[in-house]
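Everything below concerns the one structure shown next.
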Amino acid sequence: EKRKIEISITDSGSGIPHAIQEKLFQPFFTTKPVGKGTGLGLGIARRLVERQGGEILLDTKSPNTKFVISFPVGTID
């Protein structure tokens with residue numbers, strides 16, 4: 001198995017509803033009211049991580065909202 005560096009970020013909330021999980025990384029998707037958010041944050045984060053050879057995922061098995069970012073060792077510029 002390839003070695004990797006993994007970072008996880010977990011909040012104390014109740015998680016993300018299943019109905020919107022697939023939309024999280026889509027540009028301009030937001031659950032905020034009009035004028036309160038652009039919906040670009042996770043899409044930009046995903047592109048930046050992928051440019052460095054990594055991946056960012058929502059851990060759907062976590063009872064809270066948990067994102068996992070991983071990079072193969074030696075790929076970060």
Side-chain angles (χ1 to χ4, degrees):
E1 187 173 319
K2 293 182 180 180
R3 292 179 27 188
K4 63 182 175 179
I5 297 169
E6 190 171 279
I7 303 163
S8 65
I9 300 110
T10 307
D11 73 9
S12 59
S14 59
I16 296 175
H18 183 73
I20 64 170
Q21 290 178 2
E22 292 183 16
K23 300 175 186 178
L24 287 178
F25 295 100
Q26 292 177 2
F28 305 108
F29 174 76
T30 184
T31 58
K32 295 180 181 177
V34 174
K36 296 291 180 181
T38 61
L40 292 173
L42 286 173
I44 291 171
R46 176 174 266 177
R47 283 192 299 281
L48 291 171
V49 168
E50 288 177 348
R51 281 186 190 167
Q52 297 300 321
E55 64 179 347
I56 180 172
L57 304 167
L58 173 67
D59 181 349
T60 58
K61 295 178 182 174
S62 175
N64 305 98
T65 300
K66 179 179 179 181
F67 288 93
V68 179
I69 303 166
S70 62
F71 296 99
V73 173
T75 62
I76 300 173
D77 289 338

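We number each residue from 1, following the sequence as shown. Every value quoted in this text rests on a predicted model; they were computed, and no experiment measured them.
Residue pairs satisfying the salt bridge (charged side-chain N to carboxylate O under 4.0 Å, His left out) criterion with at least one member in residues 8-21, sequence neighbours excluded, are absent. Identified under the salt bridge (charged side-chain N to carboxylate O under 4.0 Å, His left out) test for residues 30-42, with sequence neighbours left out: none.
Partners of E6 by salt bridge (charged side-chain N to carboxylate O under 4.0 Å, His left out), not counting sequence neighbours, listed by chain and number: K4. Taking E55 as the reference, nothing meets the salt bridge (charged side-chain N to carboxylate O under 4.0 Å, His left out) condition, with sequence neighbours excluded. Listed by chain and number, the residues in a side-chain contact (heavy atoms from CB on, under 4.5 Å) with I44 are L40, R47, L48 (sequence neighbours excluded).
Taking NE2 of H18 as the reference point, atom CD of E22 lies at 6.0 Å (rounded to 0.5 Å).
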Are L42 and F29 close enough, and set up right, to give a side chain to side chain contact (heavy atoms under 4.5 Å, CB included), and what steps lead you there? CA-CA 9 Å; L42 286 173; F29 174 76; over 6 Å; no
Give the table of side-chain donor-acceptor pairs shorter than 3.5 Å for residues 56-72, with sequence neighbours excluded, one pair per line with atom names and distance.
| residue | atom | partner | partner atom | Å |
| --- | --- | --- | --- | --- |
| D59 | OD1 | K61 | N | 2.9 |
| D59 | OD1 | S62 | N | 3.4 |
| S62 | OG | N64 | N | 3.3 |
| S62 | OG | N64 | O | 3.1 |
| N64 | ND2 | G13 | O | 2.6 |

